[in-house]
Enquirer: 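Could you have a look at this structure, given as structure tokens, before my questions?
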Number of protein chains: 2
Amino acid sequence: MDHLNVSERAAVSPEVAVSTVIFSLRRSTCEPSASAQLWIPLVRRTREPYRGQWALPGGPLAAHQSLQGAAAENLRTTTGLVPRYLEQLYTFGGVDRSPTQRVVTIAYWALVREDESGGDALFGTAWGARTVSSQIRDDPNVAWFPVDSPQVREGLAFDHSNIVDYALWRLRNKVTYGQIANRFVGETFTLGQVREVYEAVLGRRLDPANFRRQLMGAAGLEDTGEYLHGVKHRPPKLYRYVEPEPRAEQSEAEQTTNPSGTRPLAQEGSRA
Amino acid sequence: MDHLNVSERAAVSPEVAVSTVIFSLRRSTCEPSASAQLWIPLVRRTREPYRGQWALPGGPLAAHQSLQGAAAENLRTTTGLVPRYLEQLYTFGGVDRSPTQRVVTIAYWALVREDESGGDALFGTAWGARTVSSQIRDDPNVAWFPVDSPQVREGLAFDHSNIVDYALWRLRNKVTYGQIANRFVGETFTLGQVREVYEAVLGRRLDPANFRRQLMGAAGLEDTGEYLHGVKHRPPKLYRYVEPEPRAEQSEAEQTTNPSGTRPLAQEGSRA
DNA sequence: CCAATAGTGTCTGTAAGACAGTATGCT
DNA sequence: AGCATACTGTCTTACAGACACTATTGG
């Protein structure tokens with residue numbers, strides 16, 4: 001009967017790992033006219049299996065490390081960046097994921113902003129300028145790839161291409177409602193910039209007029225009174241986000257797209 | 001550098017367990033007028049920690065068992081029932097979840113139909129009749145509880161009350177769109193029966209007229225031509241569901257509520 | 001006839017998408 | 001002036017919710 005409960009026996013447990021899909025927004029060329037694209041950092045494997053192939057940043061879970069903590073650690077080690085958003089994606093535990101031993105991988109996905117440590121912002125005072133940047137670590141075994149590239153979609157180690165696919169799907173669903181896009185932009189921003197984020201994530205053009213209405217209607221936007229100059233047309237207003245309700249609890253483990261926005265959080269911190 | 005990749009070192013991994021929240025629909029009384037409610041089976045712990053308390057069915061992951069396979073096994077062992085729906089919920093890995101040792105629990109949630117093995121259907125030829133039933137195993141350490149009960153909402157072992165809360169939220173979101181409610185009803189059914197499922201899950205009454213329109217518009221419903229008799233009013237039509245597209249692949253690991261219905265599946269079977 | 005549910009039709013408010021049109025900067 | 005983008009307003013369509021009304025059984 002005791003096999004029905006979480007057991008305290010020292011069973012032969014599979015290896016537990018945490019991997020993270022880290023999305024950032026960049027332009028493929030230095031043309032300001034080029035539309036932004038999603039990129040992710042990958043790490044080259046230095047040992048078997050899949051030696052030499054690219055894989056998601058990740059590693060085994062340390063004994064007294066929380067899952068989310070491990071994901072944040074992946075992010076910091078690989079990119080030196082701080083996550084603007086971090087959420088558990090799914091747990092992959094197929095028996096044959098790794099040819100050598102059983103590994104259960106808890107996958108997370110994260111959003112970062114390019115400009116957070118050194119270097120120009122993607123949406124800085126002017127568009128573009130510096131686009132492939134913030135390679136804080138000059139490690140040759142870390143590199144950024146566009147999520148659209150065949151390298152990413154098919155060529156990753158283990159089942160990591162699958163994981164990226166799934167993370168991308170999740171991002172697209174999340175961005176439709178709610179406050180996800182603002183994780184890509186800076187403190188102040190124009191509506192055009194936010195719209196460009198949506199267009200990059202969703203992969204299609206959006207009507208500026210309708211987009212404005214939706215965003216103004218729903219989100220906690222505040223007019224800063226400032227304008228963005230240096231563009232070669234009418235200068236747009238700068239906005240900033242305001243937190244709707246500053247409750248003490250910070251949600252994390254939120255999981256599922258829901259129409260009405262954010263909600264329930266299977267607690268994950270120290271006790272969940 | 002190698003700590004960035006999934007490692008093949010024999011690290012000291014935490015215990016890996018799989019637990020399952022199993023929803024079924026029942027009436028609290030034998031009155032046909034009483035509205036249906038969600039119930040889940042729990043298992044009483046026979047050892048420390050939390051000895052004597054109720055917990056979700058679950059247990060350590062066996063070496064060559066898939067995650068979903070383990071969840072299905074939980075279900076079969078506890079209830080003898082076959083899942084009509086089974087999906088990964090979330091992975092709980094907080095350092096202090098268990099007082100004795102580190103346990104990472106991959107939680108699943110499932111829907112079952114009461115009538116699947118022996119006994120009358122909940123929605124059989126007549127309403128009600130047999131409501132607390134299909135206790136296939138006469139194990140005193142297994143019992144069904146209404147999800148609303150304080151026992152379930154607060155009194156479970158570990159963080160299992162949290163897990164149930166989260167599963168309930170997920171179910172409510174999933175049922176809004178898509179083909180979830182049909183997992184609770186039999187082969188043929190009336191629209192009133194499906195509506196009752198929605199009402200039980202969502203916890204509020206729905207307008208019969210509007211509900212009909214919605215369901216007829218979206219889902220693959222087929223009029224059987226039959227009517228349900230034995231009711232003390234106008235006999236309703238019996239319908240059946242038709243699969244929209246019988247592709248070979250069966251999805252499983254689908255995760256997130258999305259407005260447009262079913263979609264992407266992080267593959268889980270033998271390779272994910 | 002009455003009670004109760006099945007099933008149909010209509011109205012209204014909200015919101016999304018299409019799109020015309022105005023405003024204001026730069027070259 | 002001409003262009004590019006910001007920003008405003010309007011029209012249409014779709015759909016959800018409210019609700020009136022008819023249909024058909026059992027008691």
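Only heavy atoms go into these numbers, but all of them, side chains included; no hydrogens, no water, no symmetry mates. Within every chain, numbering begins at 1; the chains are lettered A, B, ... in the order of the sequence lines, protein sequences first and strands thereafter.
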Enquirer: From the set D:dG9, D:dA6, C:dA6, return the single nucleotide nearest to any side-chain atom of A:A209.
Expert: D:dG9
Enquirer: Assuming nearest nucleotide by heavy-atom distance, tell me which of A:R234 and B:Q214 is located more 5' along DNA chain D.
Expert: A:R234
Enquirer: Within the side chain of B:R113, is there an N or O that forms a donor-acceptor pair under 3.5 Å with the backbone of B:P83?
Expert: no
Enquirer: May I have the step-by-step check of side chain to side chain donor-acceptor pair (under 3.5 Å) for B:T91 and A:T91, ending in yes or no?
Expert: CA-CA 7 Å; B:T91 297; A:T91 297; 2.4 Å; yes
Enquirer: From the set D:dA4, C:dC26, D:dG26, return the single nucleotide nearest to any side-chain atom of B:K232.
Expert: D:dG26
Enquirer: To the nearest Å, how far apart are A:N210 CG and D:dT10 C1'?
Expert: 11 Å
Enquirer: Please report, rounded to the nearest Å, how far the C1' atom of C:dG17 is from the CZ atom of A:F211.
Expert: 15 Å
Enquirer: Counting side-chain heavy atoms from C-beta on, which of C:dC11, C:dC19, C:dG25 comes nearest to B:R213?
Expert: C:dC11
Enquirer: Expressed in angstrom and rounded to an integer, what is the separation of A:D223 atom CG from D:dA6 atom P?
Expert: 15 Å
Enquirer: Assign the ring pair B:F92 / B:Y90 to parallel, tilted or perpendicular, where the plane angle (0 to 90°) is split at 30° and 60°.
Expert: perpendicular
Enquirer: Donor-acceptor pair under 3.5 Å: do we get one between A:D207's side chain and the base of C:dA16?
Expert: no
Enquirer: Whole Å only: how far is the CG atom of A:L228 from the P atom of C:dT24?
Expert: 17 Å
Enquirer: Can you check the B:Y227 OH to D:dG26 P distance for me, whole Å?
Expert: 14 Å
Enquirer: Among D:dA6, C:dG7, D:dA18, find the nucleotide with the atom closest to the side chain of A:H233.
Expert: D:dA6
Enquirer: Between atom CG in B:L215 and atom P in C:dT8, what is the gap in whole Å?
Expert: 13 Å
Enquirer: Strictly under 6.0 Å, is that where the ring centroids of B:Y85 and B:W109 end up?
Expert: yes
Enquirer: What do the steps show when you test A:R170 against A:N173 for side chain to side chain donor-acceptor pair (under 3.5 Å), and what is the final call?
Expert: CA-CA 5 Å; A:R170 182 85 136 247; A:N173 274 296; over 6 Å; no
Enquirer: Between A:Q193 (CD) and D:dC7 (P), how many Å, whole number?
Expert: 11 Å
Enquirer: Quick one: B:L238 CG to C:dA6 C1', roughly how many Å, whole number?
Expert: 13 Å
Enquirer: When you measure from the side chain of A:R212, which nucleotide among C:dG25, D:dT8, C:dA18 comes out closest?
Expert: D:dT8
Enquirer: Taking the nucleotide of DNA chain C with the closest heavy atom to each, which residue, A:R204 or B:P236, is nearer the 5' end?
Expert: B:P236
